[in-house]
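Working notes for the structure below.
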Amino acid sequence: MSSVPGVFADLPFKKVRNLGGSFGKTVQATLNCTSVGAVAAFPAADLQRHFGEKMGCWLFGVCRGICREPMRERRLAQSLGSSKNFPGPKKLVSHEQIRYWLLQYSKELVERISVDEAMNDRLPSHFSVHALHEGEEKSLARSCRCPGSVFSSVTELMEKAT
């Protein structure tokens with residue numbers, strides 16, 4: 001617990017559960033604070049006066065690293081993703097380069113989908129590809145429904161991507 005003030009000193013509100021939305025913005029505006037650690041300077045009575053007894057007590061504890069909520073298993077991520085940027089001299093200039101990188105991502109996604117299916121007994125329902133050309137503001141996007149089973153090969157995934 002002695003390290004909490006150091007960790008929370010510059011921690012943004014959005015990094016703490018239940019403080020990333022409208023309540024966090026209200027706390028920031030009401031207390032004129034920019035970090036969770038700054039809230040710790042306020043006495044419990046002040047926090048209760050501003051935010052009510054229940055939320056004031058909760059906020060008093062949270063900004064000191066105290067959370068009384070029971071531990072829960074994490075939920076599964078709802079998507080698998082892969083991203084790569086090719087800025088400046090690394091930009092992709094040929095169809096061969098684009099095809100090469102699509103193949104690399106296809107291999108990675110086929111592997112990740114297979115592992116996820118084995119561990120979590122689920123398959124993706126959609127597949128999306130987004131590309132942004134240097135200097136453009138809008139991205140090119142393609143999306144399709146996935147077949148009833150995991151992509152059986154990198155070739156099949158590539159065909160969906162192109």
Side-chain angles (χ1 to χ4, degrees), residues 1-91 101-102 104-146 150-151 157 161:
M1 292 295 286
S2 62
S3 61
V4 170
V7 172
F8 279 17
D10 297 318
L11 188 70
F13 283 84
K14 67 182 178 182
K15 296 287 187 177
V16 177
R17 186 167 184 254
N18 297 324
L19 288 178
S22 60
F23 181 63
K25 289 178 183 172
T26 301
V27 172
Q28 287 180 44
T30 303
L31 303 178
N32 195 25
C33 293
T34 57
S35 71
V36 175
V39 177
F42 290 87
D46 287 355
L47 298 176
Q48 289 172 355
R49 184 171 31 95
H50 288 297
F51 307 109
E53 185 177 345
K54 182 179 177 185
M55 292 307 288
C57 285
W58 175 82
L59 187 58
F60 183 80
V62 163
C63 70
R64 289 165 174 75
I66 300 166
C67 180
R68 296 194 182 349
E69 291 183 31
M71 296 294 286
R72 286 186 239 148
E73 273 189 50
R74 282 191 171 192
R75 296 183 194 124
L76 292 174
Q78 291 188 346
S79 63
L80 297 175
S82 185
S83 174
K84 180 75 173 158
N85 293 315
F86 302 94
K90 293 182 180 182
K91 70 181 173 186
W101 282 106
L102 281 174
Q104 299 310 306
Y105 287 128
S106 298
K107 287 178 181 178
E108 179 184 337
L109 286 173
V110 165
E111 175 65 24
R112 290 172 66 188
I113 290 168
S114 298
V115 169
D116 192 63
E117 179 185 20
M119 290 179 62
N120 303 307
D121 193 31
R122 65 181 184 169
L123 293 169
S125 61
H126 285 84
F127 177 72
S128 298
V129 175
H130 296 265
L132 179 63
H133 189 270
E134 188 175 47
E136 298 287 327
E137 290 185 22
K138 289 186 176 181
S139 66
L140 172 66
R142 295 289 183 262
S143 182
C144 66
R145 291 187 57 74
C146 290
V150 72
F151 292 110
L157 186 57

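- Every pair passing side chain to side chain donor-acceptor pair (under 3.5 Å) that includes a residue from residues 5-20 is listed here, sequence neighbours excluded: R17-E69.
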Please table the atom pairs, donor to acceptor, closer than 3.5 Å between any side-chain atom in residues 22-40 and protein atoms at least two apart or in another chain.
from: T26; atom 1: OG1; to: S22; atom 2: O; distance (Å): 2.9
from: T30; atom 1: OG1; to: T26; atom 2: O; distance (Å): 2.7
from: S35; atom 1: OG; to: A9; atom 2: O; distance (Å): 2.7
from: S35; atom 1: OG; to: A38; atom 2: N; distance (Å): 3.3

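- S125 OG to R145 CZ: the interatomic distance, rounded to the nearest 0.5 Å, is 6.0 Å.
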What pairs of donor and acceptor atoms, side-chain ones from residues 45-63 against any protein atom, are under 3.5 angstrom apart with sequence neighbours left out?
from: D46; atom 1: OD1; to: R49; atom 2: NH2; distance (Å): 2.9

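- Taking the side-chain hydrogen bond (donor to acceptor under 3.5 Å, both in side chains) definition, one finds that N120 meets it with D116, sequence neighbours left out.
- Residues in residues 30-40 take part in no salt bridge (charged side-chain N to carboxylate O under 4.0 Å, His left out) pair, two or more places apart or across chains.
- Evaluation of the salt bridge (charged side-chain N to carboxylate O under 4.0 Å, His left out) rule for E111 yields no partner, not counting sequence neighbours.
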